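I have placed the structure first, in the form of structure tokens, so that the comments after it can refer back to it.
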Amino acid sequence: MKPHSLTLVLIVVIPLINGEDTKPKLPSFIRLCNRTDPNIHKCVEENIELLRPTLKAGVPALFIPTLDPLLIPPTCVNEEDQVKVTFTDIQIYDADKFSLDRFDIDLNHHKVNISITFPHLRIKSTYNVNGKFLVVTFDEQGPADGNYTNFRVHLGLKGTPYIKNEEEHLRWDKETIALEVEDSHVVLEKLFGNHTEISDKTNKVINENIDVIINDLQPVIQRVVADFVFGIVNKLFTNYSLKDLFSE
Ligand SMILES: *[C@@H]1O[C@H](CO)[C@@H](O)[C@H](O)[C@H]1NC(C)=O
Ligand SMILES: *[C@@H]1O[C@H](CO)[C@@H](O)[C@H](O)[C@H]1NC(C)=O
Ligand SMILES: *[C@@H]1O[C@H](CO)[C@@H](O)[C@H](O)[C@H]1NC(C)=O
Ligand SMILES: *[C@@H]1O[C@H](CO)[C@@H](O)[C@H](O)[C@H]1NC(C)=O
Ligand SMILES: *[C@@H]1O[C@H](CO)[C@@H](O)[C@H](O)[C@H]1NC(C)=O
């Protein structure tokens with residue numbers, strides 16, 4: 001082997017070896033929080049503010065996707081009933097502008113309580129409503145648009161410790177979840193085709209009953225929110241050990 005080809009081999013191989021040995025470390029713009037810090041809420045909040053400018057576009061190193069707009073997989077609302085409602089192409093705007101109202105962590109018992117408020121969310125999607133009501137069958141679709149004010153999420157998380165590569169990690173499961181929306185306005189365009197009068201009336205009825213509808217939709221919204229949150233949190237805690245994420 002000629003010297004220069006050996007050099008070439010080393011140049012190619014050494015980064016691979018290092019790459020396997022090096023555990024993923026938190027990006028340098030994160031400040032580690034002390035797990036026994038009684039003001040850990042403040043430390044987490046400071047990190048959110050450090051991240052804030054990058055949240056819109058997402059932070060791949062922390063598994064955070066683009067938050068404005070945030071794309072959500074198709075969601076079916078109710079299949080058992082005679083009416084089936086499906087939302088596709090769901091885009092959520094302003095999801096990067098949230099505030100952390102509460103962050104209580106008990107790392108001894110691996111429990112976390114979080115409350116987050118989104119002051120304003122706009123959710124656009126394509127709706128499809130089909131089914132049968134009395135003797136009428138229908139299959140309607142079109143753009144859906146909605147504005148939501150003070151969308152609050154309260155989450156209780158329970159962690160289960162496990163060891164990976166001789167380091168302690170946590171797997172998180174949902175313990176409690178609750179959602180509140182202070183105010184909202186929703187429009188389903190082209191509902192019942194070009195019969196704008198029926199469409200307008202239906203939208204009026206929807207908005208007059210929006211609290212009841214959102215309450216009925218709780219299980220679906222909760223599932224979407226939980227899938228999203230736990231998708232991120234569990235990837236984060238799989239790739240980073242507790243030691244990587246918190247100082248002692
Ligand atoms: C974390 O907090 C503990 C107790 O308050 C303290 O002894 C320790 O030095 C702190 N560690 C860091 C890295 O700040
Ligand atoms: C989370 O909230 C529940 C009920 O509100 C409470 O029992 C629990 O102690 C809280 N956990 C933490 C870590 O603050
Ligand atoms: C949501 O808010 C935007 C911006 O204010 C507005 O253009 C849009 O018509 C609103 N949509 C609904 C369904 O209220
Ligand atoms: C609804 O109206 C649009 C334009 O006003 C027209 O192109 C379309 O064919 C109409 N659809 C039906 C089902 O009448
Ligand atoms: C996270 O871990 C998985 C599985 O160990 C790995 O495939 C992936 O590349 C890691 N991602 C990052 C950003 O470290």
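Read the numbers this way: they start at 1 and go in the same order the structure lists the ligands and their atoms. Everything quoted here is computed from the prediction, not taken from an experiment. The first residue of the sequence shown is numbered 1, and numbering continues consecutively from there.
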Residue pairs, two or more places apart or on separate chains, that pass disulfide bond (SG atoms under 2.5 Å apart) and touch residues 43-72 |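 Residue pairs passing disulfide bond (SG atoms under 2.5 Å apart), neighbours aside: Cys33-Cys43.
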Does ligand 2 have any N/O atom under 3.5 Å from a protein N/O, and what are those pairs and their distances?
| from | atom 1 | to | atom 2 | distance (Å) |
| --- | --- | --- | --- | --- |
| ligand 2 | 2 (O) | Asn113 | ND2 | 2.3 |
| ligand 2 | 11 (N) | Asn113 | ND2 | 2.9 |
| ligand 2 | 14 (O) | Asn113 | ND2 | 3.4 |

Salt bridge (charged side-chain N to carboxylate O under 4.0 Å, His left out) involving Asp216 - partner list, sequence neighbours excluded =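 Asp216 satisfies salt bridge (charged side-chain N to carboxylate O under 4.0 Å, His left out) with no residue once adjacent residues are dropped.
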For residues 201-238, pull every pair meeting ring pair (Phe, Tyr, Trp, His ring centres under 6.0 Å), keeping only residues two or more places apart or in separate chains.
->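 As it turns out, the ring pair (Phe, Tyr, Trp, His ring centres under 6.0 Å) pairs with a partner in residues 201-238, which skip direct neighbours, are Trp172-Phe237.
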Check: Arg31 main-chain N/O paired with Asn47 side-chain donor or acceptor under 3.5 Å = yes
Please determine which of Ile177, Ile114, Ile105, Asp173 meets the side chain to side chain contact (heavy atoms under 4.5 Å, CB included) test together with Leu157.
-> Ile114
Asp68/Lys56 ion pair, N-O < 4.0 Å =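 Salt bridge flag = yes for Lys56 with Asp68.
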Short list, please: which atoms of ligand 3 are under 4.0 Å from a heavy atom of Asn147?
-> 1 (C), 2 (O), 3 (C), 8 (C), 10 (C), 11 (N), 12 (C), 14 (O)
